[in-house]
Amino acid sequence: MTKPQVGVVVFPGSNCEQDVVHAFRYLGAEARYIWHHETDVSGFDVLVLPGGFAYGDYLRTGAIAAFSPIMDSVRAFAHEGGPVIGICNGFQILCEAGLLPGALRRNTGLKFRCIPVQVRVETTASPFTSSAGEGQVLEIPINHFEGNYFCDDETLSVLERDNRIAFRYCSPDGETTAEANPNGALANIAGIISEAGNVLGMMPHPERAIDPEVGGTDGEVIFRSVMAASSLVTQG
Amino acid sequence: MKFEVAIDVMPRREISDPQGQTIERALPTLGFDGFESVRVGKRIAVVMEAETEAQARDIIEQACQRFLTNPQIEHFSYSLTVMQGTT
């Protein structure tokens, strides 16, 4: 079986790309960097927009990166059904690029939060969570100042109706309480999925939770799910 | 013609503004009482060239909608003046 090919987009100011590449390689995939001025994404099975501070978060987080040359290719890849994951700043970029609805606003409390949090898997009917259990609680670190997810009421009801909320912040026993919400995100939302189901945006960093030596292994299930999904596609 | 444009970007009214709320809570501690509805936005100042004022307004509004603001969370207003000495 050929290994899934993962492309990790690097913008000026990205800073989690090495962790993402390491995570995928560690779990058995091939991964390489794609500079944001490149436009060729052929041969990749999965694309990842990693965390960081693309363009220094100038104007709004993700606003300038959303217009980088690579983004037309990311958009075309997504339209063809290719799986795309945006983590933290990558999630912000996907929202600004219109690949996901809503926006990430400044955390309530105005605190930069860098802590492990618990998130509950809200759906397993996605290429990113198929190997997880419904309602499974994962411990994954967050590291952001602007992770306060917002969308209008209509969008929220569509996300809920169509099972497109991937993860919600929760207590260790899986309750989505206000205390468990680290940033004020609407409805405790930590991650959402696109209408077609193949684009995931999430604030927590699963690439920092793949090794028992550092940070646990709860992030693994997301990468393993998408690797399994892309292998199925590759094998036709 | 050259225009001087000042674009004010504010968080939408129906959305909470944690920065404004924090400042509102801090004001009385410094003895500044009576403030309410404190909100924080930003101003983008540009000089631009266009054939007419109508064209300038059209371009500014498109730039605000597509790039300078995120209409999901922000709204904008702007003032535009013809720069002296330009035609």
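Please read all numbers here as calculations on a predicted model, not as lab measurements. Chain letters run A, B, ... following the sequence lines, proteins first, then strands; residues in each count from 1.
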Greatest number of heavy atom pairs closer than 4.5 Å to chain B - which of A:Cys151, A:Gly184, A:Gly102, A:Ala103: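 Heavy-atom pair counts peak at A:Gly102.
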Donor-acceptor contact present, side-chain A:Thr129 to main-chain A:Ala132, <3.5 Å: no
Backbone of A:Tyr169 reached by a side-chain donor or acceptor of A:Asn188 within 3.5 Å: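 At least one qualifying donor-acceptor pair exists.
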Between these two chains, chain A and chain B, I want each donor-acceptor atom pair under 3.5 angstrom written on its own line with its distance.
unit_1: A:Leu59; atom_1: O; unit_2: B:Lys42; atom_2: NZ; d: 2.4
unit_1: A:Arg60; atom_1: NH1; unit_2: B:Phe67; atom_2: O; d: 3.1
unit_1: A:Arg60; atom_1: NH1; unit_2: B:Leu68; atom_2: O; d: 3.0
unit_1: A:Arg60; atom_1: NH2; unit_2: B:Phe67; atom_2: O; d: 2.8
unit_1: A:Glu96; atom_1: OE2; unit_2: B:Asn70; atom_2: ND2; d: 3.3
unit_1: A:Gly102; atom_1: N; unit_2: B:Gln72; atom_2: OE1; d: 3.0
unit_1: A:Gly102; atom_1: O; unit_2: B:Gln72; atom_2: NE2; d: 3.1
unit_1: A:Arg105; atom_1: NH2; unit_2: B:Ser16; atom_2: O; d: 2.2

Hey, are the side chains of [X] and [Y] touching, using non-hydrogen atoms and a 4.5 Å cut-off?
X        : Y        : result
B:Val46  : B:Phe3   : no
A:Leu104 : A:Met203 : yes
A:Asn143 : A:Cys88  : no

Any residue meeting ring-ring contact (aromatic ring centres under 6.0 Å, His included) with A:Tyr33, in chain and number order, not counting sequence neighbours: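 ring-ring contact (aromatic ring centres under 6.0 Å, His included) check on A:Tyr33 returns nothing, list empty.
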